[in-house]
Asker: 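Could you have a look at this structure, given as structure tokens, before my questions?
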2 protein chains.
Amino acid sequence: MPNPANDHALALLVRKLDSIAGLSDKERQAILRLPATTKVLQPKQDIVRDGDRPSRCCLVLEGWACRYKLLSEGRRQILSFHIPGDVPDLQSLHIHSMDHSLCAATKAVVAFIPHDALRDLINRFPNVATVLWRDTLIDAAVFRQWMTGMGRRSAYARMAHLFCEMYLKLEAVSLAGEHRCPLPLTQTDLADALGLTSVHVNRTLKELRGSGLLTLRGSTLVVDRWDELVQAAEFDPTYLHLEQRAAE
Amino acid sequence: MPNPANDHALALLVRKLDSIAGLSDKERQAILRLPATTKVLQPKQDIVRDGDRPSRCCLVLEGWACRYKLLSEGRRQILSFHIPGDVPDLQSLHIHSMDHSLCAATKAVVAFIPHDALRDLINRFPNVATVLWRDTLIDAAVFRQWMTGMGRRSAYARMAHLFCEMYLKLEAVSLAGEHRCPLPLTQTDLADALGLTSVHVNRTLKELRGSGLLTLRGSTLVVDRWDELVQAAEFDPTYLHLEQRAAE
DNA sequence: CGATAGCTTGAGAGAGGTCAAGCCAAGTGG
DNA sequence: CCACTTGGCTTGACCTCTCTCAAGCTATCG
């Protein structure tokens, strides 16, 4: 049964998928009719864990989530950040056991959608399957970009790259603008995402501030010199495929 | 029109997809009837380049291929290695412009399958779409593992991890066994895959040899102590989802 | 039999890590 | 309302893993 809260949640999903590839009215309505239960999460609270075999997907409604892997001696690698509209564990639809964990990076609200319902949706609307597939492929494109950063970019460039990426992703869902966006992450989070230590993140951040490229106060990032930040990062936004719909 | 050479090529694809999720007879036959043209490639020869908008996918038949990104000053990051049976650019079906390049890592033979034919196949057999989707998801799982290595593993562990991974992937298609497999890569290739310099790869390799874990002569890797290699790498093979069919 | 690609090794340098301490703001409880 | 705790930020001193530069070696090939 649809209810107001879910309508809101699923409208966010419709909007995201529509931006990825375009939906028909029937598809839109079918998505809005998906069953969903919402939940409020505290920072660091796990949503699914490495090894789990989930039977539902998670749609981020408010706040940020992140995927991560743990290694021995407390080492952690963050694999991705997710913002409202994202379905970070979409892959669980076809890969049954989790090879990493997913948690709330901040206080967050998420909606859970049963796999059954999604499979049914996909069967009835092959085009929706294509859109979701495409979403997972863009996810992979971001992984490739992060890999390239960790392997071949300096800490400075890598951090600049992450900021460019998050800014554009947020802007695409109207959560950023005028070179200003939320960045509700601790320096430890940044470190685990960039493959650095928090101490070095602190120093690199200082350097970025020092060269006048950006300001980071509280949980707000202000990019003071976008072009220079892009240049320092060797950032090319095509991999995000944000304007795909218009380009088709 | 099917011909003997293509039958061979597509049989390899059938086998790979079948191992991923299981196919019906009709699906098998439809795949075998796909049009394909084969081509012999020299080492380092590009198959598709960053920025291209390909209209066909590439199936590796013999030899190895690799995907990579180039940065300024000749920096290169290898994103993945591909062996016979793999379709390294499957994502091009839904992401129209390449965000990285694909080339032959060794002398290789590949088959090209037009996107049109694949789309038609997918429309007629939704289950095949699921299998292909699943294949791209496993691809992404490998990216996550590589990211984790670059961010949080030492050069030694990272290299050990790569060897474990390649051994199991080759074994799954009967190209390895008895702790012995081909590894037709230069130290520079390894360096670009691991985010290291070739000098350091050389020294790390020496260390791995020195601790008696493996032998690498010519283009053949012999794992002398599998368990210790796995341990050094903190390697857990579940992310490869190799035995999925049996597990379902 | 040069030429070329790949492998090996040494010496020195640098990016980023480790350890440790101090600081600040936001709770929390008495 | 003020100690006290806690999580996160900042900085210094020192260390080390990996890089850079450079040279020599080896095998393959036209």
Side-chain angles (χ1 to χ4, degrees), chain A residues 42-45 64 71-78 103-107 149-162 183-211 214-221 232, chain B residues 42-45 64 71-78 103-107 149-160 162 182-211 214-221 232:
Chain A
Q42 294 310 309
K44 296 188 183 173
Q45 190 174 345
W64 288 27
L71 273 66
S72 62
E73 293 150 53
R75 282 169 298 165
R76 179 173 75 146
Q77 177 65 48
I78 289 182
C103 76
T106 65
K107 194 166 184 306
M150 308 240 254
R152 291 294 182 234
R153 271 186 254 261
S154 68
Y156 186 88
R158 209 182 314 165
M159 189 175 289
H161 200 282
L162 178 62
L183 201 97
L185 302 173
T186 66
Q187 294 186 357
T188 304
D189 292 334
L190 285 173
D192 288 343
L194 297 168
L196 302 169
T197 59
S198 61
V199 173
H200 200 63
V201 161
N202 185 288
R203 292 197 237 263
T204 307
L205 221 33
K206 189 175 166 185
E207 229 186 307
L208 278 162
R209 278 195 204 98
S211 36
L214 54 82
T215 319
L216 182 54
R217 248 201 327 275
S219 292
T220 301
L221 169 70
Chain B
Q42 295 310 308
K44 296 187 183 174
Q45 190 175 343
W64 287 27
L71 273 67
S72 63
E73 293 151 54
R75 282 169 299 165
R76 179 174 73 144
Q77 178 64 47
I78 290 181
C103 77
T106 66
K107 194 167 185 303
M150 308 239 254
R152 290 294 182 232
R153 271 186 254 260
S154 67
Y156 187 88
R158 210 182 312 167
M159 190 174 289
L162 178 61
L183 201 98
L185 302 172
T186 65
Q187 294 186 356
T188 305
D189 292 334
L190 286 173
D192 289 343
L194 297 169
L196 302 169
T197 59
S198 62
V199 172
H200 200 63
V201 162
N202 186 289
R203 293 196 236 263
T204 307
L205 221 32
K206 189 176 165 184
E207 230 186 306
L208 278 162
R209 277 194 205 97
S211 37
L214 53 83
T215 319
L216 182 53
R217 249 201 326 275
S219 290
T220 301
L221 169 70

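Below, chains carry the letters A, B, ... as their sequence lines are ordered, and counting in each starts from 1.
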Asker: Roughly how far, to the nearest 0.5 Å, is the CG atom of A:Leu185 from the CG atom of A:Leu221?
Answerer: 10.0 Å

Asker: For B:Leu194 and D:dC17, what is the distance between atoms CG and C1' respectively, to the nearest whole Å?
Answerer: 15 Å

Asker: Could you tell me the separation between the CG atom of B:Leu190 and the C1' atom of D:dT18, rounded to a whole number of Å?
Answerer: 16 Å

Asker: What heavy-atom pair brings B:Arg152 and A:Asp192 nearest, and what distance separates the two atoms?
Answerer: NH2-OD1, 2.8 Å

Asker: With a cut-off of less than 4.0 Å, is there a side-chain N or O of B:Asn202 near OP1 or OP2 of C:dT8?
Answerer: yes

Asker: Separation of B:Arg75 atom CZ from D:dT20 atom C1', in whole Å?
Answerer: 15 Å

Asker: How many angstroms lie between SG in B:Cys103 and CH2 in B:Trp64, if you round to the nearest 0.5 Å?
Answerer: 13.0 Å

Asker: Quickly work out the B:Asp189 CG to C:dC7 P distance and round it to whole Å.
Answerer: 9 Å

Asker: Please evaluate the base of D:dT18 for a donor-acceptor partner in the side chain of A:Arg152 within a cut-off of under 3.5 Å?
Answerer: no

Asker: Quick one: B:Leu205 CG to C:dG6 P, roughly how many Å, whole number?
Answerer: 15 Å

Asker: Under 4.0 angstrom, heavy atoms only, what part of the nucleic acid is B:Ser154 near: base, sugar-phosphate, or nothing?
Answerer: sugar-phosphate

Asker: Inspect the contact between B:Asp189 and B:Arg76 and indicate whether a charged nitrogen and a carboxylate oxygen are less than 4.0 angstrom apart.
Answerer: yes

Asker: Quick check on C:dT8: is either OP1 or OP2 less than 4.0 Å from any side-chain nitrogen or oxygen of B:Gln187?
Answerer: yes

Asker: Does A:Arg203 contact C:dT18 through a side-chain donor or acceptor facing the base, at a distance under 3.5 Å?
Answerer: yes

Asker: By nearest nucleotide on DNA chain C, pick out whichever of A:Arg153 and B:Leu185 is the more 5' one.
Answerer: B:Leu185

Asker: If you assign A:Val199 and B:Val199 each to the DNA chain D nucleotide with the nearest heavy atom, which residue ends up on the more 5' nucleotide?
Answerer: A:Val199

Asker: A:Arg217 and A:Thr220: side-chain hydrogen bond (donor to acceptor under 3.5 Å, both in side chains), yes or no, with the steps?
Answerer: CA-CA 6 Å; A:Arg217 248 201 327 275; A:Thr220 301; over 6 Å; no

Asker: Take the protein atom CG of B:Leu196 and the nucleotide atom P of D:dC17, then report the distance between them rounded to whole Å.
Answerer: 14 Å

Asker: Once you apply a heavy-atom cut-off of 4.0 Å, does B:Gly218 come out as touching a base, just sugar-phosphate, or nothing?
Answerer: nothing

Asker: Given D:dT10, is OP1 or OP2 found less than 4.0 Å from the side-chain N or O atoms of A:Lys206?
Answerer: no

